[in-house]
Amino acid sequence: MKLETLAVHTGHEIDPGTRAVSPPIVLSSTFEREPNYAHDGHIYSRSSNPNRDALEKALAMLEDGQMAAAFASGQAATMSVLHALNPGDHVIMPDELYFASRGLLDAHYARWGLQASYVDTADVSAVRAAIRPNTKLLWIETPSNPGLRVADIAALAELAHAHGAVCACDNTWATPLFQQPLALGADVVTHSTTKFIGGHSDVLGGCVVAKDAASEMAQRIRGYQQMGGAVPSPFDCWLLLRSIPSMPVRVRAQCASAKKIAGWLMGHPRVEVVRYPGLPTHAQHAIAQKQMSDFGAMLSFEVKGGAQAALAVAAKARVFIRATSLGGFESLIEHRASVEGPATRTPQGLLRCSIGLEHGDDLIEDLRQALE
Ligand SMILES: *Cc1c(COP(=O)(O)O)cnc(C)c1O
């Protein structure tokens, strides 16, 4: 069966107790045992809950993995992968890593004894040169935030495996609809399910999906989830599962508009650069074509004139909402450098857009009047 059909039905089985078509929310934190103390699955909601189980089944299906672990945020999911390592291990991270992931590594994991190198993962030979005898994890984020650089997942996974390291890929921006990192060789995939999987800007969540449920990495992640307890509530799980059936249709429509908008921005005299992997002018367009079935709904562009010019464009937006985050049905525009603060590595003229479900023509008209 195709992804669209599986997305509608996986984890959405009819509830045997009530025949409810939409699954009930099980708020109970604890579950009764038989007189002989046997149990049929659930014991205590930190370890497992019916709504979380259903969500994890759907998430594992989306990425074609053997196991999914749902977390209370994307960052908690990232932390579970880092916690699976040992103090003294070395990790290779993209030099354009999600801002808060870099913050976690520098402010917390360095103190905890994890060594990190930041490398341009679009350059396979630079990654090869960064490998050390104690390199245990190679992290990919493609397309990257906010520069939409593309890294070659298959080549990097092969490189990681040749040196006994695990390859993890943050697939938040591409979505499982357009990019399947496990099939390309990655061992684990992470998501901020807050974004395209949630799709409604009303729930925070994250997940890790593992290709091999029996791997040491997968086992440690499950253990960290169940014992550490950074888990989503039953209602959060229900909201996320509600969103999965519409994800393929939403993301495809959002991507179609993003493509049009990127093409339109290319011809605008006030725009210096447009960053979208679907453009033939994108530096890694060939790799994107090889590993993505389409190019997603995120794009960035640089306005001539730096921070002031970019902020003035964002200020004039009427349809685009000035807010952080991405992947929801409403289009968002963001001046990343302002959000990231003094430590930012993002160009001052850059505006990041998450393209929503409004009509593409209205979004283009909004950018046209904002750029005037
Ligand atoms: C948002 C995001 C995260 C962090 O997820 P939260 O749900 O905000 O914790 C991680 N990686 C990427 C690429 C993101 O866009």
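Note that ligands are numbered from 1 as they come in the structure, with each ligand's atoms numbered from 1 the same way. Reckoned from all heavy atoms, side chains included, excluding hydrogens, waters and symmetry mates. Predicted model, so just to flag it, every value in this text is computed and none were measured. The first residue in the sequence is number 1, and the count goes up from there.
Of all the listed residues (Phe71, Trp173, Phe196, Tyr98), Tyr98 holds the heavy atom that lies closest to atom 8 (O) of ligand 1. Among Asn145, Asp170, Leu204, the residue whose heavy atom lies nearest to atom 13 (C) of ligand 1 is Asp170.
Of all protein heavy atoms, the one lying nearest to atom 15 (O) of ligand 1 is Lys195 NZ, 2.8 Å. If you check which protein heavy atom lies closest to atom 9 (O) of ligand 1, you get Gln75 N, 2.9 Å.
Near Gly74, meaning under 4.0 Å from one of its heavy atoms, ligand 1 places the atoms 5 (O), 6 (P), 7 (O), 9 (O). Atoms of ligand 1 lying under 4.0 Å from any heavy atom of Gly205, numbered from 1 in the order shown and given with element: 7 (O). Taking every heavy atom of Thr194 and a limit of under 4.0 angstrom, the matching atoms of ligand 1 come to 7 (O). The contact set between ligand 1 and Ser73, taken as ligand atoms under 4.0 Å from a residue heavy atom, comprises 7 (O), 9 (O).
Taking only nitrogen or oxygen atoms, main chain and side chain alike, Glu141 does not reach within less than 3.5 Å of ligand 1.
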- [ ] Output, in order, the C-alpha distance, side-chain angles, deciding distance and verdict of side chain to side chain contact (heavy atoms under 4.5 Å, CB included) for Leu371 and Leu265.
- [x] CA-CA 10 Å; Leu371 280 160; Leu265 282 167; 4.0 Å; yes
Open item on the list: Please determine whether ring pair (Phe, Tyr, Trp, His ring centres under 6.0 Å) holds for the pair His191 and Phe196, giving the CA-CA distance in whole Å, both sets of side-chain angles, and the decisive distance to 0.1 Å.
Closed with: CA-CA 9 Å; His191 277 279; Phe196 289 100; 9.6 Å; no
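Distance check: Ile197 CD1 to Asn171 CG gives 8.0 Å after rounding to the nearest 0.5 Å. Rounded to the nearest 0.5 Å, atoms OG (Ser215) and CZ (Arg222) are 11.5 Å apart.
Annotation: Tyr276 is not in aromatic contact with His282 [ring centroid separation under 6.0 Å not met].
When only modelled atom types and interatomic distance are considered, Asp89 and Tyr109 share no side-chain donor-acceptor pair under 3.5 Å. Remark: the Gln180 side chain and the Asp64 side chain contain no N/O donor-acceptor pair separated by less than 3.5 Å.
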